[in-house]
Amino acid sequence: MRARRAVMAGERETILRQWEMLRRIPRYPVKTTTAELHASLVKAGYQVTKRTVERDLERLTVPFPLLADERSKPFGWSWRADAPGLTIPGLTLSQALTFQLVEQHLRPLLPPAVLAELQPAFALAAARLAEAGPTRRSWVDKVRVVSPTQTLRVPPIAPEVQRTLYEALLTDHQVQIRYLKPGEKSPITYEAVHPLGLVQRGAVLYLVCTFFGYTDPFLLVLHRMKTVTALEVPVVRPPDFDLDAYIASGRMGFGEGKTIRLELWLDADAARHLTETPLSEDQRLTPTCDGRVQVNATVPETEQLRWWILGFGEKAEVVKPIRLRKAMAGTARNLALRYGAEPRQINAAGNGAHGSIEEAWRP
DNA sequence: TCAGATGATAAACGCCACTA
DNA sequence: TAGTGGCGTTTATCATCTGA
(Lines give C-alpha, C1' and ligand atoms only; values in the text may rest on other atoms or scores of the structure.)
Protein backbone atom coordinates (compact mmCIF):
# COMPACT_ATOMS: atom_id res chain seq x y z
CA MET A 1 0.00 0.00 0.00
CA ARG A 2 2.78 2.37 1.04
CA ALA A 3 4.73 1.43 -2.11
CA ARG A 4 1.67 2.13 -4.31
CA ARG A 5 1.24 5.57 -2.69
CA ALA A 6 4.88 6.37 -3.38
CA VAL A 7 4.48 5.32 -7.02
CA MET A 8 1.42 7.59 -7.33
CA ALA A 9 3.41 10.50 -5.85
CA GLY A 10 6.14 9.83 -8.41
CA GLU A 11 3.61 9.72 -11.25
CA ARG A 12 2.14 13.03 -10.11
CA GLU A 13 5.61 14.60 -10.09
CA THR A 14 6.27 13.25 -13.59
CA ILE A 15 2.98 14.58 -14.93
CA LEU A 16 3.63 18.01 -13.42
CA ARG A 17 7.16 18.10 -14.85
CA GLN A 18 5.98 17.05 -18.30
CA TRP A 19 3.23 19.63 -18.17
CA GLU A 20 5.81 22.31 -17.31
CA MET A 21 7.93 21.08 -20.21
CA LEU A 22 5.05 21.38 -22.68
CA ARG A 23 4.48 24.95 -21.48
CA ARG A 24 8.15 25.78 -22.05
CA ILE A 25 8.32 24.47 -25.61
CA PRO A 26 7.76 27.33 -28.09
CA ARG A 27 5.69 27.21 -31.25
CA TYR A 28 7.52 26.67 -34.55
CA PRO A 29 9.61 28.39 -36.00
CA VAL A 30 11.01 29.29 -32.56
CA LYS A 31 12.84 26.29 -31.03
CA THR A 32 14.39 25.24 -27.76
CA THR A 33 17.02 22.64 -26.92
CA THR A 34 17.08 19.82 -24.41
CA ALA A 35 19.75 21.67 -22.43
CA GLU A 36 17.64 24.85 -22.28
CA LEU A 37 14.57 22.88 -21.19
CA HIS A 38 16.62 21.06 -18.58
CA ALA A 39 18.04 24.31 -17.18
CA SER A 40 14.58 25.84 -17.13
CA LEU A 41 13.08 22.87 -15.28
CA VAL A 42 15.91 22.77 -12.74
CA LYS A 43 15.36 26.47 -12.13
CA ALA A 44 11.68 25.73 -11.57
CA GLY A 45 12.57 23.17 -8.91
CA TYR A 46 12.45 19.91 -10.90
CA GLN A 47 15.73 18.19 -10.00
CA VAL A 48 16.07 15.73 -12.88
CA THR A 49 18.89 14.85 -15.25
CA LYS A 50 19.13 15.89 -18.85
CA ARG A 51 18.67 12.25 -19.77
CA THR A 52 15.20 12.31 -18.19
CA VAL A 53 14.31 15.44 -20.15
CA GLU A 54 15.38 13.67 -23.34
CA ARG A 55 13.21 10.68 -22.47
CA ASP A 56 10.25 12.95 -21.63
CA LEU A 57 10.51 14.69 -24.96
CA GLU A 58 10.60 11.38 -26.76
CA ARG A 59 7.48 10.22 -24.91
CA LEU A 60 5.57 13.50 -25.35
CA THR A 61 6.14 13.44 -29.10
CA VAL A 62 3.65 10.57 -29.39
CA PRO A 63 0.47 12.20 -27.97
CA PHE A 64 1.41 15.85 -28.72
CA PRO A 65 2.24 17.54 -32.05
CA LEU A 66 5.87 18.30 -31.21
CA LEU A 67 8.63 18.77 -33.75
CA ALA A 68 12.31 17.91 -33.36
CA ASP A 69 14.65 19.59 -35.79
CA GLU A 70 17.34 16.93 -36.09
CA ARG A 71 19.23 18.56 -38.94
CA SER A 72 21.90 19.72 -36.53
CA LYS A 73 22.83 19.26 -32.89
CA PRO A 74 21.56 20.23 -30.46
CA PHE A 75 18.09 19.32 -31.75
CA GLY A 76 15.54 22.12 -31.82
CA TRP A 77 12.22 21.30 -30.16
CA SER A 78 8.98 23.15 -30.93
CA TRP A 79 5.22 22.79 -31.13
CA ARG A 80 3.98 22.32 -34.67
CA ALA A 81 2.91 25.67 -36.17
CA ASP A 82 -0.70 24.48 -36.51
CA ALA A 83 -0.86 22.77 -33.12
CA PRO A 84 -3.94 23.68 -31.08
CA GLY A 85 -3.33 25.87 -28.06
CA LEU A 86 -2.58 24.31 -24.70
CA THR A 87 -4.57 26.15 -22.05
CA ILE A 88 -5.75 25.11 -18.64
CA PRO A 89 -8.25 26.12 -17.55
CA GLY A 90 -9.97 26.15 -20.93
CA LEU A 91 -11.47 29.24 -22.48
CA THR A 92 -14.74 30.47 -21.03
CA LEU A 93 -17.54 31.12 -23.48
CA SER A 94 -17.13 34.86 -23.16
CA GLN A 95 -13.38 34.59 -23.75
CA ALA A 96 -14.01 32.43 -26.82
CA LEU A 97 -16.54 34.95 -28.11
CA THR A 98 -14.08 37.79 -27.54
CA PHE A 99 -11.42 35.95 -29.55
CA GLN A 100 -13.89 35.49 -32.40
CA LEU A 101 -14.72 39.20 -32.38
CA VAL A 102 -11.02 40.10 -32.32
CA GLU A 103 -10.40 37.80 -35.26
CA GLN A 104 -13.28 39.29 -37.24
CA HIS A 105 -12.59 42.95 -36.63
CA LEU A 106 -8.88 43.35 -35.97
CA ARG A 107 -7.68 41.03 -38.74
CA PRO A 108 -6.86 43.91 -41.14
CA LEU A 109 -4.87 45.72 -38.44
CA LEU A 110 -2.80 42.84 -37.11
CA PRO A 111 0.57 41.96 -38.65
CA PRO A 112 0.50 38.59 -40.44
CA ALA A 113 3.10 37.23 -38.02
CA VAL A 114 0.94 38.20 -35.03
CA LEU A 115 -2.12 36.71 -36.72
CA ALA A 116 -0.23 33.48 -37.30
CA GLU A 117 0.70 33.35 -33.62
CA LEU A 118 -2.91 33.96 -32.61
CA GLN A 119 -4.31 31.40 -35.06
CA PRO A 120 -4.26 28.55 -32.51
CA ALA A 121 -6.13 30.74 -30.03
CA PHE A 122 -8.73 31.57 -32.69
CA ALA A 123 -9.07 27.88 -33.52
CA LEU A 124 -9.43 27.08 -29.83
CA ALA A 125 -12.12 29.75 -29.48
CA ALA A 126 -14.03 28.35 -32.47
CA ALA A 127 -13.79 24.85 -31.02
CA ARG A 128 -14.93 26.09 -27.59
CA LEU A 129 -18.00 27.75 -29.11
CA ALA A 130 -18.71 24.69 -31.24
CA GLU A 131 -18.55 22.32 -28.28
CA ALA A 132 -20.87 24.60 -26.28
CA GLY A 133 -23.75 23.13 -28.27
CA PRO A 134 -26.25 24.59 -30.73
CA THR A 135 -27.80 27.05 -28.26
CA ARG A 136 -24.50 28.54 -27.13
CA ARG A 137 -23.05 28.36 -30.64
CA SER A 138 -25.71 30.81 -31.70
CA TRP A 139 -23.79 33.42 -29.69
CA VAL A 140 -21.69 33.89 -32.80
CA ASP A 141 -24.84 34.64 -34.76
CA LYS A 142 -26.05 37.14 -32.16
CA VAL A 143 -23.17 39.60 -32.17
CA ARG A 144 -22.22 41.97 -34.99
CA VAL A 145 -20.28 45.22 -35.36
CA VAL A 146 -21.82 47.53 -37.94
CA SER A 147 -20.55 50.73 -39.48
CA PRO A 148 -22.61 53.87 -38.78
CA THR A 149 -21.79 55.07 -42.31
CA GLN A 150 -22.29 53.55 -45.75
CA THR A 151 -20.32 50.30 -45.91
CA LEU A 152 -17.65 50.22 -48.60
CA ARG A 153 -15.84 47.18 -49.96
CA VAL A 154 -12.36 46.70 -48.54
CA PRO A 155 -9.75 47.38 -51.27
CA PRO A 156 -7.26 44.53 -51.80
CA ILE A 157 -3.78 44.95 -50.31
CA ALA A 158 -0.89 42.86 -51.64
CA PRO A 159 0.04 40.37 -48.85
CA GLU A 160 3.76 40.99 -49.35
CA VAL A 161 3.22 44.76 -49.07
CA GLN A 162 1.25 44.31 -45.87
CA ARG A 163 3.71 41.82 -44.37
CA THR A 164 6.81 43.94 -45.06
CA LEU A 165 5.18 47.15 -43.92
CA TYR A 166 3.82 45.69 -40.68
CA GLU A 167 7.20 44.12 -39.94
CA ALA A 168 8.92 47.48 -40.48
CA LEU A 169 6.34 49.18 -38.29
CA LEU A 170 6.89 46.61 -35.53
CA THR A 171 10.66 46.79 -35.67
CA ASP A 172 10.89 50.54 -36.32
CA HIS A 173 12.70 50.30 -39.65
CA GLN A 174 12.46 52.57 -42.68
CA VAL A 175 10.99 51.31 -45.95
CA GLN A 176 11.08 52.17 -49.64
CA ILE A 177 7.60 52.39 -51.17
CA ARG A 178 6.47 52.35 -54.81
CA TYR A 179 3.16 54.19 -54.66
CA LEU A 180 0.51 54.70 -57.33
CA LYS A 181 -1.24 58.00 -56.81
CA PRO A 182 -4.89 58.21 -57.92
CA GLY A 183 -5.13 59.21 -61.56
CA GLU A 184 -1.47 58.38 -62.27
CA LYS A 185 -0.42 55.63 -64.66
CA SER A 186 2.91 54.68 -63.16
CA PRO A 187 4.00 54.50 -59.50
CA ILE A 188 6.47 56.90 -57.93
CA THR A 189 9.11 55.78 -55.44
CA TYR A 190 9.41 57.14 -51.92
CA GLU A 191 12.99 56.27 -51.02
CA ALA A 192 13.18 56.46 -47.22
CA VAL A 193 9.79 56.36 -45.55
CA HIS A 194 9.62 56.43 -41.73
CA PRO A 195 6.51 54.44 -40.67
CA LEU A 196 4.99 55.96 -37.52
CA GLY A 197 1.59 54.32 -37.22
CA LEU A 198 -1.26 52.49 -38.86
CA VAL A 199 -4.85 53.71 -38.82
CA GLN A 200 -7.95 52.04 -40.21
CA ARG A 201 -10.62 54.46 -41.31
CA GLY A 202 -13.68 52.66 -42.62
CA ALA A 203 -12.55 50.26 -45.32
CA VAL A 204 -9.19 51.93 -45.88
CA LEU A 205 -5.89 51.39 -44.08
CA TYR A 206 -3.55 54.38 -43.79
CA LEU A 207 0.12 54.48 -42.98
CA VAL A 208 1.06 57.56 -40.96
CA CYS A 209 4.66 58.33 -41.86
CA THR A 210 7.28 60.96 -42.57
CA PHE A 211 9.75 61.22 -45.45
CA PHE A 212 12.08 63.56 -47.33
CA GLY A 213 13.45 64.74 -43.98
CA TYR A 214 10.14 66.39 -43.06
CA THR A 215 8.82 65.97 -39.53
CA ASP A 216 5.20 66.70 -40.46
CA PRO A 217 3.37 63.35 -40.67
CA PHE A 218 1.91 62.30 -44.01
CA LEU A 219 -0.73 59.71 -44.95
CA LEU A 220 -0.21 56.90 -47.46
CA VAL A 221 -2.98 54.47 -48.38
CA LEU A 222 -1.95 50.81 -48.18
CA HIS A 223 -3.90 49.55 -51.19
CA ARG A 224 -2.09 52.05 -53.43
CA MET A 225 1.32 50.65 -52.49
CA LYS A 226 2.73 48.49 -55.27
CA THR A 227 5.85 47.32 -53.46
CA VAL A 228 7.38 47.86 -50.03
CA THR A 229 11.06 47.13 -49.41
CA ALA A 230 12.43 46.97 -45.88
CA LEU A 231 15.57 49.02 -45.23
CA GLU A 232 18.16 48.29 -42.55
CA VAL A 233 17.86 51.85 -41.28
CA PRO A 234 16.02 52.72 -38.06
CA VAL A 235 13.03 55.05 -38.10
CA VAL A 236 13.54 58.61 -36.90
CA ARG A 237 10.35 59.57 -35.06
CA PRO A 238 9.49 63.24 -34.68
CA PRO A 239 10.13 63.85 -30.95
CA ASP A 240 6.65 65.18 -30.26
CA PHE A 241 4.73 62.72 -32.43
CA ASP A 242 1.77 60.99 -30.78
CA LEU A 243 -0.63 58.90 -32.87
CA ASP A 244 -3.64 59.61 -30.65
CA ALA A 245 -2.96 63.34 -30.75
CA TYR A 246 -2.52 63.13 -34.52
CA ILE A 247 -5.91 61.44 -34.95
CA ALA A 248 -7.55 63.83 -32.45
CA SER A 249 -6.25 66.76 -34.45
CA GLY A 250 -8.59 65.75 -37.26
CA ARG A 251 -5.91 64.92 -39.84
CA MET A 252 -7.47 61.51 -40.47
CA GLY A 253 -10.66 63.31 -41.43
CA PHE A 254 -8.61 65.14 -44.07
CA GLY A 255 -8.33 68.47 -42.30
CA GLU A 256 -5.42 70.75 -41.56
CA GLY A 257 -5.46 70.02 -37.85
CA LYS A 258 -7.43 73.21 -37.05
CA THR A 259 -10.36 73.23 -34.66
CA ILE A 260 -13.45 75.41 -34.98
CA ARG A 261 -16.23 76.51 -32.66
CA LEU A 262 -19.22 75.03 -34.46
CA GLU A 263 -22.74 76.38 -34.10
CA LEU A 264 -25.20 74.07 -35.74
CA TRP A 265 -29.01 74.15 -35.68
CA LEU A 266 -30.51 70.70 -35.90
CA ASP A 267 -34.06 69.41 -36.04
CA ALA A 268 -34.92 67.96 -32.62
CA ASP A 269 -35.08 64.35 -33.84
CA ALA A 270 -31.73 64.69 -35.61
CA ALA A 271 -30.11 66.17 -32.48
CA ARG A 272 -31.39 63.46 -30.12
CA HIS A 273 -28.41 61.13 -30.56
CA LEU A 274 -26.01 63.94 -29.55
CA THR A 275 -27.37 63.78 -26.00
CA GLU A 276 -25.87 60.25 -25.75
CA THR A 277 -22.90 60.57 -28.10
CA PRO A 278 -21.67 64.18 -27.94
CA LEU A 279 -19.49 65.80 -30.58
CA SER A 280 -16.96 67.03 -28.02
CA GLU A 281 -16.26 67.46 -24.32
CA ASP A 282 -17.59 71.02 -24.38
CA GLN A 283 -20.72 70.33 -26.44
CA ARG A 284 -23.79 72.37 -25.43
CA LEU A 285 -27.34 71.69 -26.61
CA THR A 286 -29.86 74.56 -26.36
CA PRO A 287 -33.50 74.47 -27.52
CA THR A 288 -34.29 77.26 -30.02
CA CYS A 289 -37.48 79.30 -30.35
CA ASP A 290 -38.50 77.45 -33.55
CA GLY A 291 -38.36 73.97 -31.98
CA ARG A 292 -34.91 73.06 -33.22
CA VAL A 293 -31.76 72.44 -31.13
CA GLN A 294 -28.71 74.70 -31.17
CA VAL A 295 -25.50 72.66 -30.97
CA ASN A 296 -22.28 74.38 -29.88
CA ALA A 297 -19.06 72.33 -29.88
CA THR A 298 -15.34 72.65 -30.51
CA VAL A 299 -14.47 70.18 -33.27
CA PRO A 300 -11.71 69.58 -35.84
CA GLU A 301 -12.51 71.19 -39.17
CA THR A 302 -12.42 68.23 -41.53
CA GLU A 303 -14.04 66.84 -44.63
CA GLN A 304 -15.56 64.19 -42.38
CA LEU A 305 -17.34 66.90 -40.39
CA ARG A 306 -18.82 68.30 -43.60
CA TRP A 307 -19.96 64.84 -44.71
CA TRP A 308 -21.54 64.27 -41.33
CA ILE A 309 -23.44 67.56 -41.47
CA LEU A 310 -24.51 66.99 -45.09
CA GLY A 311 -25.81 63.57 -44.05
CA PHE A 312 -28.63 65.35 -42.16
CA GLY A 313 -29.77 67.07 -45.36
CA GLU A 314 -32.25 69.86 -44.73
CA LYS A 315 -32.41 68.97 -41.02
CA ALA A 316 -29.06 70.72 -40.33
CA GLU A 317 -28.07 74.36 -40.69
CA VAL A 318 -24.55 75.59 -39.98
CA VAL A 319 -24.66 79.05 -38.38
CA LYS A 320 -21.01 79.48 -37.44
CA PRO A 321 -18.30 79.68 -38.54
CA ILE A 322 -19.40 81.79 -41.51
CA ARG A 323 -16.79 80.17 -43.75
CA LEU A 324 -18.32 76.73 -43.18
CA ARG A 325 -21.84 78.11 -43.57
CA LYS A 326 -20.91 79.53 -46.97
CA ALA A 327 -19.29 76.23 -48.00
CA MET A 328 -22.45 74.33 -47.03
CA ALA A 329 -24.60 76.85 -48.88
CA GLY A 330 -22.46 76.35 -51.98
CA THR A 331 -22.88 72.58 -51.73
CA ALA A 332 -26.64 72.95 -51.28
CA ARG A 333 -26.83 75.26 -54.31
CA ASN A 334 -24.97 72.75 -56.45
CA LEU A 335 -27.21 69.95 -55.19
CA ALA A 336 -30.30 71.93 -56.05
CA LEU A 337 -28.87 72.47 -59.52
CA ARG A 338 -28.23 68.77 -59.97
CA TYR A 339 -31.61 67.61 -58.71
CA GLY A 340 -33.52 70.43 -60.35
CA ALA A 341 -32.38 69.52 -63.85
CA GLU A 342 -34.05 66.74 -65.86
CA PRO A 343 -31.74 63.76 -66.28
CA ARG A 344 -32.15 64.11 -70.08
CA GLN A 345 -30.98 67.73 -69.96
CA ILE A 346 -27.93 66.73 -67.94
CA ASN A 347 -27.04 64.10 -70.52
CA ALA A 348 -27.50 66.52 -73.40
CA ALA A 349 -25.64 69.47 -71.87
CA GLY A 350 -23.03 67.47 -70.02
CA ASN A 351 -23.45 69.30 -66.71
CA GLY A 352 -27.00 70.65 -66.98
CA ALA A 353 -28.44 74.19 -67.27
CA HIS A 354 -28.15 76.56 -64.36
CA GLY A 355 -30.08 79.80 -64.77
CA SER A 356 -33.60 79.32 -63.44
CA ILE A 357 -32.61 76.89 -60.69
CA GLU A 358 -29.90 79.20 -59.41
CA GLU A 359 -32.46 81.95 -59.10
CA ALA A 360 -35.04 79.71 -57.48
CA TRP A 361 -32.66 78.75 -54.64
CA ARG A 362 -32.71 81.11 -51.66
CA PRO A 363 -30.36 80.53 -48.71
C1' DT B 1 45.27 31.14 -48.50
C1' DC B 2 42.50 27.25 -48.47
C1' DA B 3 41.09 22.47 -48.15
C1' DG B 4 41.49 18.39 -45.62
C1' DA B 5 42.92 15.89 -41.32
C1' DT B 6 42.74 15.53 -36.45
C1' DG B 7 41.37 16.04 -31.74
C1' DA B 8 38.31 18.00 -28.17
C1' DT B 9 33.82 18.69 -26.79
C1' DA B 10 28.90 18.36 -26.67
C1' DA B 11 24.66 16.11 -27.59
C1' DA B 12 21.83 12.08 -28.38
C1' DC B 13 20.80 7.56 -27.33
C1' DG B 14 21.04 2.63 -25.65
C1' DC B 15 21.47 -0.07 -21.79
C1' DC B 16 21.58 -1.45 -17.02
C1' DA B 17 20.85 -1.00 -12.13
C1' DC B 18 18.42 1.18 -8.50
C1' DT B 19 14.29 2.93 -6.06
C1' DA B 20 9.78 3.91 -4.33
C1' DT C 1 6.83 -2.01 -12.38
C1' DA C 2 7.45 2.59 -14.05
C1' DG C 3 10.50 6.15 -13.57
C1' DT C 4 15.04 7.62 -13.02
C1' DG C 5 20.21 8.20 -12.82
C1' DG C 6 24.42 7.14 -14.66
C1' DC C 7 27.68 5.25 -17.77
C1' DG C 8 29.36 4.01 -22.30
C1' DT C 9 28.96 4.50 -27.29
C1' DT C 10 27.93 6.98 -31.37
C1' DT C 11 27.59 11.08 -33.88
C1' DA C 12 27.89 15.98 -34.88
C1' DT C 13 30.22 20.29 -34.40
C1' DC C 14 33.96 23.26 -33.88
C1' DA C 15 38.75 24.71 -33.32
C1' DT C 16 43.34 23.90 -34.56
C1' DC C 17 46.93 22.07 -37.30
C1' DT C 18 49.21 20.79 -41.62
C1' DG C 19 50.48 20.49 -46.31
C1' DA C 20 49.81 21.84 -51.06
Side-chain angles (χ1 to χ4, degrees), chain A residues 1-92 95-96 99 110-128 130-132 159-160 163-164 166-176 228-235:
Chain A
M1 187 65 184
R2 192 183 300 167
R4 179 65 200 143
R5 204 173 293 145
V7 167
M8 282 175 73
E11 281 174 2
R12 194 163 56 236
E13 180 77 4
T14 304
I15 290 169
L16 286 173
R17 187 187 66 242
Q18 292 179 345
W19 175 252
E20 282 297 324
M21 264 175 82
L22 289 171
R23 285 181 52 203
R24 284 166 162 76
I25 297 172
R27 187 174 297 278
Y28 183 85
V30 183
K31 297 170 217 168
T32 189
T33 64
T34 310
E36 286 168 348
L37 277 172
H38 177 238
S40 172
L41 287 171
V42 168
K43 201 174 173 184
Y46 295 94
Q47 297 298 333
V48 287
T49 61
K50 195 158 148 279
R51 184 72 192 95
T52 299
V53 174
E54 288 167 359
R55 269 195 291 257
D56 282 347
L57 282 169
E58 199 178 308
R59 260 179 259 165
L60 291 169
T61 308
V62 179
F64 294 101
L66 300 180
L67 288 175
D69 184 354
E70 299 178 356
R71 287 173 298 180
S72 66
K73 285 184 176 179
F75 298 169
W77 289 89
S78 57
W79 282 90
R80 248 177 33 202
D82 60 347
L86 192 67
T87 56
I88 286 179
L91 284 176
T92 65
Q95 285 170 335
F99 266 114
L110 293 174
V114 175
L115 267 179
E117 274 182 34
L118 286 174
Q119 204 53 52
F122 294 151
L124 205 65
R128 179 73 184 90
E131 77 188 17
E160 190 56 28
R163 192 190 62 74
T164 311
Y166 282 21
E167 192 66 32
L169 198 60
L170 270 178
T171 58
D172 272 333
H173 278 89
Q174 296 181 31
V175 288
Q176 183 196 66
V228 174
T229 310
L231 305 175
E232 290 300 316
V233 187
V235 161

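Chain identifiers are assigned alphabetically (A, B, ...) following the order of the sequence lines, protein sequences preceding nucleic acid strands; residue numbering begins at 1 within each chain. Basis for what follows: all heavy atoms, side chains included, without hydrogens, waters or symmetry-related copies. All of these numbers come straight from a predicted model, not from anything done at the bench.
Taking each heavy atom of A/A230 and A/V175 in turn, the nearest pair found is CA-CG1, 4.1 Å. In terms of heavy-atom proximity, A/T164 sits nearest to A/E160 at OG1-O, 2.7 Å.
The phosphate of C/dT4 (OP1 or OP2) has a side-chain N or O of A/R17 nearer than 4.0 angstrom. Remark: A/T14 is not in phosphate contact with C/dA2, judged by side-chain N or O atoms under 4.0 Å from OP1 or OP2. Using a 4.0 Å cut-off, some side-chain N or O of A/T34 falls inside it from OP1 or OP2 of B/dA12. For A/K50 and B/dA12, the shortest distance from a side-chain N or O to OP1 or OP2 is below 4.0 Å.
Residue-level contact check: A/Q47 touches the backbone only, with heavy atoms under 4.0 Å from sugar-phosphate atoms and none from bases.
Evaluation of atom-type donor-acceptor distances gives no pair under 3.5 Å for the side chain of A/R55 against the base of B/dG14. Side-chain atoms of A/R59 and base atoms of C/dG3 include no donor and acceptor less than 3.5 Å apart.
One can place CG of A/L60 at 14 Å from C1' of C/dG3, the figure rounded to the nearest angstrom. A/K73 has its NZ atom 12 Å from the C1' atom of B/dT9, to the nearest Å. A/H38 has its NE2 atom 13 Å from the C1' atom of C/dG6, to the nearest Å. Straight-line distance from the CD atom of A/E36 to the P atom of B/dA11: 10 Å, rounded to whole Å. Whole-Å rounding puts the A/W77 CH2 to B/dC13 C1' distance at 12 Å. In this structure, the CG atom of A/D56 is 10 Å from the C1' atom of C/dT4, given to the nearest Å. Rounded to an integer number of Å, the gap from A/E58 CD to B/dC15 P is 12 Å. Rounded to a whole Å, the CD atom of A/E70 is 19 Å from the P atom of C/dT10.
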**Prompt:** Going through the distances and angles, do A/E54 and A/R51 end up as a salt bridge (Lys or Arg N to Asp or Glu O under 4.0 Å)?
**Reply:** CA-CA 5 Å; A/E54 288 167 359; A/R51 184 72 192 95; 3.1 Å; yes
**A/R23/A/E20 under salt bridge (Lys or Arg N to Asp or Glu O under 4.0 Å): CA gap, chis, key distance, verdict** = CA-CA 5 Å; A/R23 285 181 52 203; A/E20 282 297 324; 3.2 Å; yes
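In this structure, A/S78 OG and A/I25 CD1 are separated by 8.5 Å, a value rounded to the nearest 0.5 Å.
Map A/A35 and A/R51 each onto its nearest nucleotide of DNA chain B; the residue landing nearer the 5' end is A/A35.
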